[in-house]
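Here is the structure we will look at, set down as structure tokens.
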Amino acid sequence: MNAVSQLGVIVLVSLAAAGATWLVKGPPSEPAAFVCDPAQLTEGEICLADVSGNVLWVDARTRSEWKRNGLEGAILWNLDPKEDENAMEAGVAMGIAGGAELVVVYCGSEACGTSKQIANRIRGLGFGTPVKTLHGGWDALKGLGRNPLTNSSSGP
């Protein structure tokens, strides 16, 4: 048996096993929603369920991620040296001046530390508006659609 024949047999056996698994177990289930335990929050973090009011969302991920699937109305502010930090700072300042009662910064995951750095920079602007980082980052927002909260602003 040559290599091509062996590969064909392996593919057929794999497809048969996958089909049998699908019939017995059913289709794959959706991943479990991110769960935020308030007891695990660190200083300055917030659970998605506790976000309310007039919120200014700040996306601390890359520009390409922000454009692809950022929350509607989220302002980009990341640490990319190629980005115009003054423009990002001005966008946040305008959002706060526009009546934001809370600023929530999120990045790619719970392990991402960028959101904490950005939150500290926003606090340093001295507006007095509470600034929190979203516990779980983008992982907490996945699957909720582009505008999970009716009180968030519109369009990146």
Side-chain angles (χ1 to χ4, degrees), residues 14 17-19 21-156:
S14 297
T21 301
W22 180 283
L23 289 173
V24 172
K25 299 285 259 171
S29 61
E30 291 292 320
F34 183 86
V35 177
C36 182
D37 179 4
Q40 292 182 340
L41 295 180
T42 60
E43 180 74 26
E45 281 187 315
I46 190 169
C47 292
L48 181 59
D50 296 328
V51 175
S52 64
N54 189 1
V55 178
L56 175 65
W57 291 93
V58 178
D59 193 327
R61 301 175 303 156
T62 65
R63 180 172 292 278
S64 62
E65 291 173 310
W66 173 69
K67 283 182 176 180
R68 183 176 60 247
N69 61 9
L71 286 179
E72 290 187 31
I75 294 172
L76 177 68
W77 188 340
N78 60 36
L79 300 176
D80 185 344
K82 294 180 238 166
E83 295 282 358
D84 183 353
E85 186 172 357
N86 290 331
M88 293 184 287
E89 181 179 312
V92 169
M94 288 175 55
I96 292 172
E101 300 166 347
L102 173 67
V103 177
V104 179
V105 184
Y106 66 93
C107 61
S109 69
E110 187 174 352
C112 176
T114 305
S115 59
K116 290 177 180 23
Q117 293 177 48
I118 298 300
N120 285 333
R121 289 181 184 197
I122 295 170
R123 287 183 195 106
L125 297 175
F127 284 99
T129 304
V131 179
K132 302 284 185 176
T133 58
L134 182 63
H135 182 76
W138 181 249
D139 289 342
L141 294 166
K142 271 192 248 182
L144 295 176
R146 290 186 49 82
N147 197 0
L149 304 173
T150 57
N151 57 10
S152 64
S153 50
S154 60

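Computed from a predicted model, the values in this text were never measured in an experiment.
Contact annotation: the side chain of Leu79 approaches that of Gln117 to within less than 4.5 Å [non-hydrogen atoms, C-beta and beyond]. Between Cys36 and Leu41, some side-chain heavy-atom pair lies under the 4.5 Å cut-off. The shortest distance between side-chain heavy atoms of Leu76 and Glu83 falls below 4.5 Å. The shortest distance between side-chain heavy atoms of Trp57 and Val51 falls below 4.5 Å. Residues Arg121 and Glu85 form a side-chain contact, since some pair of their non-hydrogen atoms from C-beta on lies under 4.5 Å apart. In this structure the side chain of Ile118 never reaches within 4.5 angstrom of the side chain of Val92, judged on heavy atoms. With contacts defined as side-chain heavy-atom distances shorter than 4.5 Å, the pair Asn120/Arg123 qualifies.
Going from atom CD of Glu101 over to atom OG of Ser52 covers 8.0 Å, rounded to the nearest 0.5 Å. Atoms CD1 and CD, from Ile75 and Glu89 in turn, are 12.0 Å apart once rounded to the nearest 0.5 Å. The line from NZ of Lys67 to OG1 of Thr62 is 10.5 Å long, rounded to the nearest 0.5 Å. Taking CG of Leu141 as the reference point, atom CG of Leu134 lies at 5.0 Å (rounded to 0.5 Å).
Only one option out of Leu102, Val105, Ile96 pairs with Leu56 in a side-chain contact (heavy atoms from CB on, under 4.5 Å); it is Ile96. For the side-chain hydrogen bond (donor to acceptor under 3.5 Å, both in side chains) test with Arg61, the passing option among Asn78, Asn69, Thr114 is Asn69; the others fail. When each of Trp66, Trp77, Tyr106 is checked for a side-chain hydrogen bond (donor to acceptor under 3.5 Å, both in side chains) with Asp59, only Tyr106 meets the rule.
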Decide side chain to side chain contact (heavy atoms under 4.5 Å, CB included) for Lys132 and Asp50; before the verdict, give the C-alpha distance in whole Å, the side-chain angles of both, and the deciding distance to 0.1 Å.
CA-CA 11 Å; Lys132 302 284 185 176; Asp50 296 328; over 6 Å; no
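Looking at every heavy atom in both residues, Ala119 comes nearest to Thr133 through CB-CG2, 3.7 Å.
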